[in-house]
Protein chains: 2
Amino acid sequence: MNTDKITSFFNLGVSVTLVIYGFEEGQLKVFTQKISKNPYAGAWSFPGKLIKSDESLEDAAYTMLDEAIGNTKPYIEQLNAFGKITRHPLGRVIDVTFYSLINMKSDVKSYRADKESKWVHVPKVPELAYDHNEMLNLAMLRLRRRLINRPIGFKLLPAEFTLGELQALYEEILGHELDKRNFRKKVTKLNILLTKGHETTDNPGRKPRLFSFDPEKYANYMEQGF
Amino acid sequence: MNTDKITSFFNLGVSVTLVIYGFEEGQLKVFTQKISKNPYAGAWSFPGKLIKSDESLEDAAYTMLDEAIGNTKPYIEQLNAFGKITRHPLGRVIDVTFYSLINMKSDVKSYRADKESKWVHVPKVPELAYDHNEMLNLAMLRLRRRLINRPIGFKLLPAEFTLGELQALYEEILGHELDKRNFRKKVTKLNILLTKGHETTDNPGRKPRLFSFDPEKYANYMEQGF
DNA sequence: TCAAAAGTGTTTCCCTTACACCCATGC
DNA sequence: GCATGGGTGTAAGGGAAACACTTTTGA
């Protein structure tokens with residue numbers, strides 16, 4: 001392999017796109033940005049950018065997460081590579097898509113001043129630029145599967161949460177209701193919850209207990225699944 | 001976005017690599033090729049190549065499958081994108097890896113004359129070039145998961161097979177033995193088998209029944225899982 | 001008749017599911 | 001005291017797992 005011979009292959013780009021999930025007021029939301037440049041000026045899309053040749057895919061994803069919400073700590077997982085020839089109108093760009101789960105209260109430190117952005121409830125996501133709707137469809141399938149097999153939903157919640165909130169999260173993402181007693185039985189049997197006292201909001205009704213995770217057991221399940 | 005501005009991003013390559021699985025004599029095998037060029041001359045690797053800017057990822061994968069075994073029909077599924085900066089010694093190459101399941105008897109039409117190749121029993125796979133061992137590890141995890149959730153193992157077997165062969169395939173891939181009666185109960189309950197008569201080999205012992213699939217029910221399970 | 005592989009049922013256990021009422025709190 | 005949401009147990013059904021012997025065939 002010599003340099004001349006391979007030059008012809010190096011006329012394409014690789015981008016990384018991020019589907020960032022958040023959970024707020026009982027709704028699963030994704031982070032979208034308004035595009036300012038043609039041919040998609042005015043359209044909404046997920047954050048994405050071409051990567052440089054000295055940047056790994058993961059680094060690019062974390063950098064973009066930092067640009068989007070001012071934080072590189074949240075969970076990121078590779079979703080899929082999208083490689084249709086015509087997926088980018090200005091040239092050949094292959095996209096490696098990641099998705100991220102963040103807590104909208106504690107993980108969001110800042111938004112970019114130079115881009116209009118908003119969180120959109122997933123069922124209300126409009127037509128997006130590029131093939132980003134296709135990415136979202138795939139990301140939703142993955143998220144539902146992961147939610148069933150791994151303790152991943154916790155990453156969308158604050159450090160302390162009630163079982164009611166956890167159940168609402170599951171119901172919202174899975175798209176159907178769950179039996180309260182069965183849900184609690186299943187979760188508590190996993191033994192990954194630590195009691196943290198009681199909530200002190202001024203909602204009507206009995207004060208729910210707050211829980212957080214046993215980080216070690218949590219880590220085990222993340223690797224091996226339930 | 002103008003052309004000048006993005007030129008700096010277009011100095012990397014994208015390759016597609018194929019982990020091709022076959023099953024022969026009770027062993028799960030992968031297809032490997034000997035590399036003839038430095039810096040990996042003499043080393044073994046999976047088939048892979050840089051893609052051109054007018055070639056989709058899937059097309060490249062099928063083309064490579066054709067080059068490897070002379071057939072573009074078998075099952076292919078995207079595995080992962082590998083993007084470490086140093087993964088290719090000669091430049092920045094991001095790899096999108098696919099894996100394929102073929103029947104070594106009926107799907108292999110021809111091998112390339114210009115490349116030395118061989119099928120290697122997975123536990124005996126040596127150190128491979130690039131990050132191909134890492135790819136194999138990930139491909140094995142995926143294959144095991146798929147085998148449990150989808151009727152995917154059938155793709156490694158001939159069109160007609162015995163339940164003993166099917167069970168041996170599962171045991172080989174999952175790495176542990178299965179109870180014969182429970183295995184048969186589970187498989188027959190799926191209702192995807194069609195009886196095809198009896199084997200006519202001259203092995204000792206009772207002649208096993210041959211089965212094939214009901215393609216429609218098979219397709220359903222492929223989409224939705226068990 | 002023996003060696004080799006195919007084929008076949010039942011029981012136990014646990015997990016899943018369905019289902020309804022009392023408890024604590026603020027107003 | 002009532003409205004609001006939190007919290008709890010039990011019974012039935014279904015799938016998973018454990019377990020051993022008989023059948024067919026060729027040599």
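Throughout, a chain's letter reflects where its sequence line sits, starting with A, and its residues are numbered from 1.
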(request) Would you state whether a donor and an acceptor, one from the side chain of B/Arg181 and one from the base of C/dA6, lie under 3.5 Å apart? (result) no
(request) Grab the CG-C1' distance between A/Leu163 and D/dT8 for me, whole Å please. (result) 12 Å
(message) Quick check on side chain to side chain contact (heavy atoms under 4.5 Å, CB included): which of B/Tyr99, B/Phe46, B/Trp119 does B/Ile20 satisfy it with?
(response) B/Trp119
(request) Compare the minimum distances between each of D/dT25, D/dC19, D/dG7 and the side chain of B/Lys207, then state the nucleotide with the smallest one. (result) D/dT25
(message) Distance check needed: D/dG6 C1' versus A/Phe211 CZ, whole Å only.
(response) 11 Å
(message) Check this for me: does the side-chain of A/Lys185 come within 3.5 Å of the base of D/dT10 through a donor and an acceptor?
(response) yes
(request) May I have the step-by-step check of side chain to side chain donor-acceptor pair (under 3.5 Å) for A/Ser15 and A/Asp95, ending in yes or no? (result) CA-CA 5 Å; A/Ser15 62; A/Asp95 190 88; 2.5 Å; yes
(request) Please state how far atom CG in B/Leu193 lies from atom P in C/dG7, giving the value in whole angstrom units. (result) 12 Å
(request) Find which nucleotide of DNA chain C each of A/Asp179 and B/Gly164 is nearest to by heavy atoms, and output the residue with the more 5' nucleotide. (result) B/Gly164
(request) Heavy atoms only: give me the nearest A/Ser45-A/Leu128 pair and the separation to one decimal. (result) N-CD2, 4.2 Å
(message) Between C1' on D/dA16 and CD1 on B/Ile148, what's the gap in Å once rounded to a whole number?
(response) 14 Å
(message) What is the distance, to the nearest angstrom, from the CD atom on B/Glu177 to the P atom on D/dA17?
(response) 15 Å
(request) Between B/Arg206 and B/Asn182, just flag the one whose closest nucleotide in DNA chain D comes earlier from the 5' side. (result) B/Asn182
(message) Distance check needed: D/dA17 P versus B/His176 NE2, whole Å only.
(response) 9 Å
(message) Using whole Å, what does the distance between atom P of nucleotide C/dT16 and atom CZ of A/Phe183 come to?
(response) 13 Å
(request) Examine the base of D/dG15 for any acceptor or donor lying under 3.5 Å from a partner atom in the side chain of B/Lys186, and report the outcome as yes or no. (result) no
(request) Please determine, for the side chain of B/Pro204, which listed nucleotide (D/dT4, C/dA4, D/dG6) has the closest atom? (result) C/dA4
(request) For the pair A/Phe211 and A/Phe161, name the ring-plane relationship: parallel under 30°, tilted 30 to 60°, perpendicular over 60°. (result) tilted
(message) In whole Å, I'd like the distance from the CD atom of A/Gln167 to the C1' atom of D/dG7.
(response) 12 Å
(message) Below the 4.0 Å mark, does D/dG7 have OP1 or OP2 next to a side-chain nitrogen or oxygen of A/Arg184?
(response) yes
(message) Walk me through whether B/Lys217 and B/Asn220 qualify under side chain to side chain donor-acceptor pair (under 3.5 Å).
(response) CA-CA 5 Å; B/Lys217 287 171 184 160; B/Asn220 271 347; over 6 Å; no
